[in-house]
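Single-structure report; data block below.
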Amino acid sequence: MYALVDCNSFYCSCERVFNPKLEEKPVIVLSNNDGCAVARTDEAKALGIKMGDPYFKIKELCKKNNIHVYSSNYSLYGDMSRRVMRTLSEFSPEMEIYSIDEAFLSFKGMNKDLIQYSIEIKNTVKKYTGIPVSVGLGPTKVLAKLANNYAKKNKKQTQGVFQIGVDKESDEILKKFPVGDIWGIGSKSAMKLTLMGINTAYDLKNSNEKTIQKILTIVGRRIVEELRGVSCIELELDLSPKKQIVSSRSFGRPVFEKQELQEAIANHITTASEKLRKQQSITKSILIFVQTNPYKNTPQYHNSATMKLMSGSSTTNKLIKYSFQCLDQIFKPDYEYKKVGVIFMDIYPKKNSQRDLFSLHDSAKDDMLMQTLDNVNEFQGKGSLKFAACGVNQFWKMLSEMKSPNYTTRWTELMSIR
DNA sequence: TCTGGGGTCCTAGGACCC
DNA sequence: TCTGGGGTCCTAGGACCC
């Protein structure tokens, strides 16, 4: 048996923990650059705010209804996530952290009343962290996800905990569950299935698995089996290193100059290489991309350039240098740029990496420099020490005009209580 | 004015090997 | 008439997730 524990309106709930006035009020949190609504409380959903609604389109609606609007505060959400996960880990020896606000727990071999246990989990997380969660129970991950979805949508009846199995009673739930809401069935697959007359989870469970495999590949077939209670998707317990690392951002204002793009790219390389070193990897291929604003009626341009590195590297200054060479290949003047980013694509463990004849690999000196840099920034705060290429003004930076304090990660922003 | 960011997995087809 | 069989690796593109 699996449980899927999912935090309710996670980002909004984090804001509520430190600002209880928001309780029972409509709250939304915006994506980076104050772009779209990415988290909404039930009250905000009831007022018609949709997932991904661009903020400028709903601004009036928010004002009129006193919706509390926040820019995203990732250091807060990341820290709260760690607290939730740490709490959850005490309830099962096997846990997969699936996303910032979700985890699968395995209850294999546990001889317990699992519903009762799940209620205990829910209450403990709330008590320890202030975050409300819902729990879905099922014999497979797909069913646990489905049960969780049901629990969330029917909070009143379920109290946020729901179990689903393969019995007749569960089938009644599946009959009302839209096929497109199943974990792993996206909009494209949902469309194909609907055309075949498969509209609900129940329909999919009872369709021919070989036919489904032909249309939705092995991925779709696994979902069919999982709906039937046959577990095909395992818990992923090992913290495997990332195979790809991306850093990108939209600009807060139009950018035309190459030097500004360079500055932004240098910052992205800095972020991405920090992640790379943290997991003790090197990259053998970097990609940088630039693009104009596709929503704006201006001349459009987007392009990317890749560079292969024979021996790989995780040294920020080297990677900055290479990224500038990539930019030189694709930069065109007079375009209004909206976004740039870097992707590290061929990632390998640093240990035992192949060295090359011409000594282009990272030297012991490089490694020591990076180690020192990381130590200083760990101790003094992110960005305390950086390469000059990253610039100091960063006037192209993203908008974040309604951000709450970093309540839990900065001494200066600690809450004071009178 | 104004529309996010970061990931994974699967498949088909090409190129290559013996 | 008729031209093998078995395999790997890589890449681009598609689909999905939160």
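Fair warning: this is a prediction, and the values are worked out from it, not measured in the lab. Naming: A, B, ... by sequence-line order, numbering from 1 per chain.
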State whether the side chain of [X] and the backbone N or O of [Y] hold a donor-acceptor pair below 3.5 Å, judged by distance alone.
| X | Y | result |
| --- | --- | --- |
| Glu336(A) | Val255(A) | no |
| Arg83(A) | Thr129(A) | no |
| Asn377(A) | Lys382(A) | no |
| Ser313(A) | Thr315(A) | yes |

Residues of residues 182-216 of chain A with a heavy atom under 4.0 Å from any atom of DNA chain C, listed by number, are Ile182(A), Trp183(A), Gly184(A), Ile185(A), Gly186(A), Ser187(A), Lys188(A), Ser189(A)

Give the ring-plane orientation class for Tyr117(A) versus Phe107(A), where under 30° counts as parallel, over 60° as perpendicular and anything between as tilted.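 Geometry flag for Phe107(A) against Tyr117(A): perpendicular rings.
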
Under the criterion salt bridge (Lys or Arg N to Asp or Glu O under 4.0 Å), which of Glu96(A), Glu225(A), Glu226(A) is the partner of Lys141(A)? Glu96(A)

How about [X] and [Y]: does a side-chain donor come under 3.5 Å of a side-chain acceptor?
| X | Y | value |
| --- | --- | --- |
| Ser134(A) | Asn8(A) | yes |
| Gln291(A) | Tyr335(A) | no |
| Asn123(A) | Lys127(A) | no |

Provide the closest heavy-atom pair for Asn406(A) versus Glu413(A) in the form atom of the first, atom of the second, distance. N-OE1, 2.5 Å

Note, Phe91(A) side chain near Val5(A) side chain (heavy atom, < 4.5 Å): no

How about Val84(A) and Met80(A): do any of their side-chain heavy atoms sit closer than 4.5 Å? no

Just how far, in rounded Å, is [atom2] of [N] from [atom1] of [X]?
| X | N | atom1 | atom2 | value |
| --- | --- | --- | --- | --- |
| Glu336(A) | dT1(B) | CD | C1' | 10 Å |
| Ile218(A) | dA15(C) | CD1 | P | 18 Å |
| Glu226(A) | dC17(C) | CD | P | 14 Å |
| Lys242(A) | dG6(B) | NZ | C1' | 9 Å |
| Ile245(A) | dG6(B) | CD1 | P | 11 Å |
| Asp101(A) | dG5(B) | CG | P | 19 Å |
| Glu102(A) | dC16(C) | CD | C1' | 14 Å |
| Leu287(A) | dG13(C) | CG | P | 13 Å |

[X] [atom1] to [Y] [atom2] distance, which is reported to the nearest 0.5 Å:
| X | Y | atom1 | atom2 | result |
| --- | --- | --- | --- | --- |
| Tyr55(A) | Ile49(A) | OH | CD1 | 9.5 Å |
| Tyr128(A) | Arg86(A) | OH | CZ | 11.5 Å |
| Cys12(A) | Ile131(A) | SG | CD1 | 10.5 Å |

Please compare Lys338(A) and Arg222(A) by the position of their nearest nucleotide in DNA chain B and report the one closer to 5'. Lys338(A)

5'-most by nearest nucleotide on DNA chain B - Arg249(A) or Val219(A): Arg249(A)

Do Trp183(A) and Tyr2(A) have ring centres separated by under 6.0 Å?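 Centroid distance Trp183(A)-Tyr2(A): not below 6.0 Å, so no.
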
Are any of the side-chain nitrogens in Asp171(A) or Lys175(A) under 4.0 Å away from the carboxylate oxygens of its partner?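 Not counted as a salt bridge, because no side-chain N and carboxylate O are separated by less than 4.0 Å.
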
Taking Lys350(A) first and then Asp367(A), would you say they form a salt bridge - that is, a charged N and a carboxylate O separated by under 4.0 Å? yes

So Ile100(A), base contact, sugar-phosphate only, or nothing? Heavy-atom distance under 4.0 Å.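 If one applies the 4.0 Å heavy-atom cut-off, Ile100(A) turns out to touch nothing in the nucleic acid.
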
Base-pair string, DNA chain B, Watson-Crick plus G-U, cut-off 3.5 Å on both distances, | for inter-strand, is ....||||||||||||||

Which atom pairs link the protein and nucleotides 7-12 of chain C when you take only N or O atoms and keep those under 3.5 Å?
none

Residue-level proximity of [range] to DNA chain B when a heavy atom falls under 4.0 Å:
| range | answer |
| --- | --- |
| residues 52-80 of chain A | Pro54(A), Phe56(A) |
| residues 1-17 of chain A | none |
| residues 288-307 of chain A | Asn293(A), Tyr295(A), Lys296(A) |

Rounded distance in Å between the P positions of dT3(B) and dC18(C): 25 Å

